[in-house]
Amino acid sequence: MDYDYHVHSTYSDGSFLRWMVRAAERAGLGGVGIADHCNVSEREPMVAAKRDHGFNLDLTYERRRAAIERVREDAAIRVFDAVEVDYDPRDEDAIRAFLDEADFDYAVGSVHAIDDLNVQVPPLFEDWSEAERRNLTEDYFDALVALIESELFEIAAHPDLLERNPELRGFATDEHYHRVAEAFERSRTIPELNAGRVLRDGGAFSPHPEFLSVLREYDVAVTLGSDSHRPNEIAPRHDRIREFQEESGLELVELNV
Ligand SMILES: [Zn+2]
Ligand SMILES: [Zn+2]
């Protein structure tokens with residue numbers, strides 16, 4: 001039975017919680033994790049960004065927890081109370097304090113920003129030189145390794161997020177992949193096979209094949225997140241995931257929750 005550890009609800013940028021759970025049931029999953037975005041940084045640009053987006057899980061997780069408990073009453077599958085936290089090495093203390101207090105079923109960690117710049121927003125990097133993009137790539141992988149070594153998270157989401165941005169794509173090297181794989185080998189944190197883009201933009205999984213094969217070289221297990229934001233994304237993404245599992249022989253691990 002497949003578990004999807006990464007979907008979003010209206011507590012961040014997804015759809016109604018109950019719709020997401022119903023869609024996960026219809027997709028034949030064994031369980032679904034509601035992992036809404038959360039940022040606990042006190043730096044001004046990050047505070048402004050969460051205001052702009054209306055990402056308030058640091059304030060609303062108890063309400064969401066009550067909603068999850070209600071949906072569990074008649075859900076045919078397991079429903080996890082999770083979180084996708086923006087990771088920056090400078091926020092480690094704040095993240096640790098928040099996770100200790102909130103006590104989620106598990107936590108997903110994501111490097112979405114470098115120096116408080118969201119790396120998923122293409123026009124931002126248009127005027128950057130190749131050297132600057134290369135440096136940003138270094139910083140991204142440094143942050144990812146720090147995330148893994150922090151031991152704050154059960155899951156590290158979409159480990160090659162830069163590939164999603166055409167302006168930052170293609171700078172990652174085999175050496176980066178080996179560094180990350182070595183960090184995962186030593187950590188409790190499990191990388192995610194993220195299916196957020198499998199039905200568009202050329203249909204790539206994150207990590208993409210070269211990165212995934214380095215992780216497999218190190219026997220690093222991988223867990224699954226469809227990163228769905230809408231109910232109708234869940235079943236088609238899982239159809240593609242099952243196909244990919246058959247093609248690749250990849251085994252997906254379940255969390256101990
Ligand atoms: Zn993410
Ligand atoms: Zn996500």
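Counting starts at 1 for both ligands and their atoms, in listed order.
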Which atom name does Asp227 have for its N/O/S atom nearest to the Zn ion (ligand 2)?
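Within Asp227, restricted to N, O or S, the Zn ion (ligand 2) is closest to atom OD1.
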So that I can check it, does any N, O or S atom in His6 come closer than 2.8 Å to the Zn ion (ligand 1)?
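So His6 does not bind the Zn ion (ligand 1) by this criterion.
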Carboxylate-amine/guanidinium proximity below 4.0 Å for Arg72 and Asp81
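Between Asp81 and Arg72 there is no salt bridge, as every charged N stays at least 4.0 Å from the carboxylate O atoms.
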To the nearest 0.5 Å, how far apart are CG in Leu193 and OG in Ser226?
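The OG atom of Ser226 is 10.5 Å from CG of Leu193, to the nearest 0.5 Å.
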Is the Zn ion (ligand 2) under 2.8 Å from any N, O or S atom of His37?
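For His37, the answer is no, given that no N, O or S atom comes within less than 2.8 Å of the Zn ion (ligand 2).
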Please identify which of these residues, Tyr106, Phe104, Phe153, meets the ring pair (Phe, Tyr, Trp, His ring centres under 6.0 Å) condition with Tyr5.
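Considering Tyr106, Phe104, Phe153, a ring pair (Phe, Tyr, Trp, His ring centres under 6.0 Å) with Tyr5 is found only for Tyr106.
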What does the angle at the Zn ion (ligand 1) come to, between atom NE2 of His112 and atom OE2 of Glu84, rounded to 10°?
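The two atoms subtend 90° at the Zn ion (ligand 1).
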side-chain contact (heavy atoms from CB on, under 4.5 Å) partner of Trp128, chosen from Asn135, Leu136, Leu168:
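That would be Leu136; it is the only one of Asn135, Leu136, Leu168 passing the side-chain contact (heavy atoms from CB on, under 4.5 Å) with Trp128.
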